[in-house]
S.K.: 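For reference, the structure I am asking about is given below.
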Amino acid sequence: MRKIVIVGGGAAGLQVATRLGRRLGKRGLAEIILVDRSPTHLWKPLLHEVAAGRIEPVVHHTSFALQAERHHFRFVQGELLAADRINRTISVAIAGTGDGVDGRVLSIAYDKLVLAVGGVTQYFGVPGAREHALTLDSVAKAEEVRDRVFTALRRRTALADASPQTPAAKVRVAIVGAGATGVQLAAQLRRTSSVLNRYGIHRLDPVTGVDICVIEASPAVVPGMGTRIAARVSEQLARLHIDVQCSARVTSVGASGLTIAGQAPMQADVVVWAAGIAAPAMLETFRFPVNAKGQIRVLPTLQSIEDEHIYAIGDCASCRPQDLDAELPTRAQVAYQQALYLAEALPRRLAGKQPAGFRYRDYGSLVALAGSSAIANLAATPGKDNGWHIEGKLAALLHHAVYRRHVLDIHGWGRALGMTLAQGLERLLAAGTRLH
Ligand SMILES: Cc1cc2nc3c(=O)[nH]c(=O)nc-3n(C[C@H](O)[C@H](O)[C@H](O)COP(=O)(O)OP(=O)(O)OC[C@H]3O[C@@H](n4cnc5c(N)ncnc54)[C@H](O)[C@@H]3O)c2cc1C
């Protein structure tokens, strides 16, 4: 039986594995194998909410093993190490029972290999950034941001309690990068500082006692989303008392803060780096043609330009569809559409038919700034202001709907409804923000 191996069960990979499992695995037409280093899937655009303590990851997790059993594919938990393209095998370090990898390396043969390993933070060679800044690359890293912010708030409160006559020092969180990830995290953290104050977790003033600043090298926030959405996001951030510095280049990061070109060093309790995405360095072992960010260059059929048996989708791929003269951005809607395309194209190919090339449709940009506030520009030409501009609750609802569609796609109506109810109840019965 032919084997389709998918590496990476994120926004793109889990869709492909689930759909191919239902279509080919169930009928014994092909063996579908999903490899991921993690035992569970969490939709990555939720990570800033994990970092701000807004959601409990465990409530939104999908177990790969359970998904595999239900949707007729096999799951292997392990880390992709390398590929042997001549013999069509990949080497996977199998996850052990502890935190790391137990040293067992499995060789998995494939007829078609789908690489969907996502992206990693790009530091642009800024000294100290890799060592000292936190990131939102994974659930564990997002939880580290949350822990550091909570600890800083509690510690500063304890210091203020110990010497009530001295004015309490502020907590400062510096976020590098004012793309959607950076601004959404800033807004969520502002909300979190208020909620934690309300429940007595810290006693700093939630606005004047907690400085949140966003530093962006481009002249405006949310680069690439158009001037109208940028202006509205700037206004909303100002309303939330978030300090935004545009055209500001971070030149170094240290244990106690960072330096911006031409300015005095900035002290910060927590520095989060949300300034760029590159492909994982491990992909270099494939020796494929890649772009400057290390993303695998693919044909309009999403096959590597050098190996027809290997496909790359989502953040690890450099894709320029026939009808566009720019590379597609690293966004969930690109990953989603590519996953849908492959779930149709691969069965066609196995049946000896030639699928048409992938076509991308940009549905617009959405930025959710905590609570019921969101800003959207829909059906616009990418980076232009010619679409429908909506804001407030309707935009927030749309933002939420994108996640719900993902849940619906991978779980089906019944389970998606159950999960939505359970998650809604959890939010209703708990404080809406983690308090520990
Ligand atoms: C905080 C945040 C907010 C975002 N908000 C938005 C948004 O509002 N709208 C939007 O369009 N996009 C958003 N994005 C971007 C979006 O999340 C990504 O574009 C999308 O998740 C890419 O999907 P993917 O499948 O390529 O990668 P991912 O979803 O990152 O999945 C990659 C998977 O590969 C696995 N993996 C990686 N390396 C290996 C390995 N060596 N071996 C085994 N497994 C491996 C990982 O465990 C993971 O499961 C956001 C991103 C972040 C971080």
Side-chain angles (χ1 to χ4, degrees), residues 5-17 34-52 54-55 61-62 64 75-83 90-95 101 106 108 114-121 135-142 145 175 177 179-186 188 222 224-225 272-277 279-283 285-286 295-296 312-317 319 328-339 342 362-369 374-376 395-396 398-400 402-403 406:
V5 178
I6 300 139
V7 185
L14 186 57
Q15 286 280 356
V16 178
L34 173 69
V35 178
D36 199 292
R37 57 156 74 111
S38 166
T40 53
H41 161 89
L42 185 115
W43 199 54
K44 208 173 181 184
L46 295 179
L47 285 184
H48 63 281
E49 298 194 46
V50 174
R54 174 84 174 126
I55 61 166
H61 272 160
T62 294
F64 285 125
F75 172 60
V76 175
Q77 188 188 343
E79 173 102 20
L80 173 66
L81 298 178
I90 55 167
S91 313
V92 175
I94 297 303
V101 155
L106 190 70
I108 302 177
V114 179
L115 293 170
V117 289
V120 292
T121 295
T135 68
L136 296 183
D137 278 353
S138 64
V139 174
K141 303 227 170 185
V145 172
I175 298 166
T181 303
V183 299
Q184 291 182 140
L185 174 65
Q188 283 290 356
V222 289
M225 289 196 185
V272 183
W273 194 271
I277 287 285
M282 165 274 302
L283 291 179
T285 63
F286 283 74
Q295 294 163 307
I296 298 165
I313 55 174
D315 286 0
C316 70
C319 176
L328 296 180
T330 50
R331 290 167 109 183
Q333 64 168 319
V334 174
Y336 176 71
Q337 291 181 38
Q338 290 181 332
L342 263 200
D362 193 313
Y363 289 100
S365 304
L366 255 169
V367 182
L369 295 174
I375 299 164
L398 259 176
H399 189 262
H400 192 63
V402 176
Y403 172 49
H406 171 74

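Atoms within each ligand, like the ligands themselves, are counted from 1 in listed order. Being a predicted model, the structure only gives us computed values, none of them experimental.
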S.K.: Among residues two or more places apart or on two chains, list those pairs meeting salt bridge (charged side-chain N to carboxylate O under 4.0 Å, His left out) that have a residue in residues 7-17.
M.R.: none

S.K.: Looking only at protein heavy atoms, which one is nearest to atom 51 (C) of ligand 1, and what is the separation?
M.R.: Thr181 OG1, 4.0 Å

S.K.: Would you check whether Arg37 has a nitrogen or oxygen atom less than 3.5 angstrom from a nitrogen or oxygen atom of ligand 1?
M.R.: yes

S.K.: In the protein, what heavy atom is nearest to atom 47 (O) of ligand 1, and what distance, to one decimal place, separates them?
M.R.: Asp36 OD1, 2.8 Å

S.K.: Distance under 4.0 Å to a non-hydrogen atom of Gly78: what atoms of ligand 1 satisfy this?
M.R.: 42 (N), 43 (C)

S.K.: Polar contacts were defined as any N/O atom of the residue lying under 3.5 Å from an N/O atom of the ligand; does this apply to Gly8 and ligand 1?
M.R.: no

S.K.: Between Phe286 and Leu115, is any pair of side-chain heavy atoms under 4.5 Å apart?
M.R.: yes

S.K.: Show me which atoms of ligand 1 lie under 4.0 Å from any heavy atom of Leu80.
M.R.: 40 (C), 41 (N), 42 (N), 43 (C)

S.K.: Can you tell which of Gly13, Gly118, Ala11 gets a heavy atom nearest to atom 29 (O) of ligand 1?
M.R.: Ala11

S.K.: Identify, by atom number and element, the atoms of ligand 1 in contact range of Gln333, meaning under 4.0 Å from any of its heavy atoms.
M.R.: 11 (O)

S.K.: State if Gly9 counts as touching ligand 1 under the rule of any non-hydrogen atom under 4.0 Å.
M.R.: yes

S.K.: Are any of the N or O atoms of Ala332 closer than 3.5 Å to those of ligand 1?
M.R.: yes

S.K.: Tell me whether Met282 has any N or O atom under 3.5 angstrom from an N or O of ligand 1.
M.R.: no

S.K.: Considering only heavy atoms of Leu136, which atoms of ligand 1 have at least one such atom less than 4.0 Å away?
M.R.: 1 (C), 53 (C)

S.K.: Look at atom 26 (O) of ligand 1 and say which protein heavy atom is nearest, naming residue and atom and giving the distance to 0.1 Å.
M.R.: Asp315 N, 2.8 Å

S.K.: How far is atom 50 (C) of ligand 1 from the closest protein heavy atom, and which atom is that?
M.R.: Pro45 CA, 3.9 Å

S.K.: Short list, please: which atoms of ligand 1 are under 4.0 Å from a heavy atom of His399?
M.R.: 8 (O)

